[in-house]
Amino acid sequence: MGILPVLESASWNVSFGGPGTGSRPLSGPWYSTHKTQLLGVLLAAASNFLISVSLNIQKCSHLRLACRTEPKPYYTSKLWWCGITLLGLGEVGNFIAYGFAPVALVAPLGCVSVIGSAFISVLFLKKTMRAADILGGTLTVTGTYLLVTFAPNVPQELTARRVQNYLVSWPFLVYLILEIITFCILLYFYKRKAVKHIMVLLMMVALLASLTVIAVKAVAGMITLSAKGKMQLTYPVFYIMIVLMATSCAFQVKFLNQAMHLYEATAVVPINFVFFTTSAIISGVIFYQEFQSAALLSVFMFLFGCLLSFLGVFVIARNKREEHLQIPFIDCGLIPGKKLTGKIQPDSRSSRYGTLNNEDDSVKSQS
């Protein structure tokens, strides 16, 4: 018996409900069993693609405003507001997806936003398609396929009482204590020792993101269940999760903005994606027990899919630097008394331009 039949059988048995549920993945019994999870996958993928479109629209708007003779504030641009609207819709879609699919499946689908942005920027921003983009996109798509195929199937309803039981379970309490200790150590180095290394900042973001994902999944699940007629919004745990979601998300954005301010986006984006996805999967495994009944082969193939997605994101972001103007100086050829070779070089460390004092001195010394 070859390796392909073994993988196919394991995939169908664990992810698609066993051999008795249909001979093909898209058969009627399989669809009826997995339609909720499939809805979450499609919603998460579409939402992340929408986010990539919105980010490129916003950047296109900023570039257009920068080229105007009389620059206007970005919030006066209709194109910018269009991008913000799409970004909001994408984030709402991601939030809803957590109510239909496991955390371990929704979180890694954030790679769709990365590869989508790489390819859409060719259309919106007229960037050149690189071989690394094609290779990275291929790796990411392959990894995403493995993620969806071997993801855990968690058909259980997420009631408020079940969330309460998860909150007081000993695996989560141990995980929470370890996370708090680790976060306090990192915060000590960040505040007291002024250590602002990219790994320190993004590890704090990831630790906060694990709590955010737990809270988002709980809130989305209880809202989804309430919409089906089983009211869960009257339980205090629902509002506790909302507070946890808002607080952790606010501090997460704070540290992520600090990292974006100190380091290049090409370094922050792939590392943050890996840390966020890893923390989300771990939190889903510990809090929601998503891989409790999964076969070892399925767990291995799922992790292999994650690895391919991580590698694809790194390949796309590798050697990708921010674009600069072709002429990074101001030509002063039309200024009376100056030669055509005279230039004013901008000061790269500030928002103002340099002066001509040094150049004047050099001209005087030559004369």
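More than 12 heavy atoms of other residues, nucleotides or ligands lie within 6.0 Å of CZ in Phe238, so this atom counts as buried by the packing criterion. The neighbour count for Met203 CE, taken as heavy atoms of other residues, nucleotides or ligands under 6.0 Å away, does not exceed 12. Applying the 6.0 Å contact sphere to CZ of Phe172 captures more than 12 heavy atoms from other residues, nucleotides or ligands. By the 6.0 Å contact criterion, CZ on Phe310 is enclosed, its count of non-hydrogen atoms from other residues, nucleotides or ligands being greater than 12.
We find that Lys230 and Glu157 are joined by a salt bridge, their nearest charged nitrogen and carboxylate oxygen being less than 4.0 Å apart.
Remark: Tyr175 engages no residue in a ring pair (Phe, Tyr, Trp, His ring centres under 6.0 Å) (not counting sequence neighbours). Scored by the ring pair (Phe, Tyr, Trp, His ring centres under 6.0 Å) test, Phe95 finds no partners at all (sequence neighbours excluded).
For the pair Phe287/Leu167, a side-chain contact is recorded, criterion being any heavy-atom separation below 4.5 Å from C-beta on. Using a 4.5 Å cut-off on side-chain heavy atoms (C-beta onward), Leu201 and Tyr190 make contact.
Leu87 contributes atom CG, which lies 6.0 Å from atom CG of Leu55 (distance to the nearest 0.5 angstrom).
Looking only at atom types and distance, the side chain of Ser117 has no donor-acceptor partner in the side chain of Ser52 under 3.5 Å away.
When all heavy atoms of Ile281 and Pro108 are compared, the pair lying nearest together is CD1-CG, 4.2 Å. Shortest non-hydrogen contact noted between Arg64 and Leu79 is NH1-CD2, 3.8 Å.
A donor-acceptor contact shorter than 3.5 Å is absent between the side chain of Thr278 and the backbone of Phe275. A donor-acceptor pair under 3.5 Å is absent between the side-chain atoms of Tyr98 and the main chain of Ala215, judged by distance alone.
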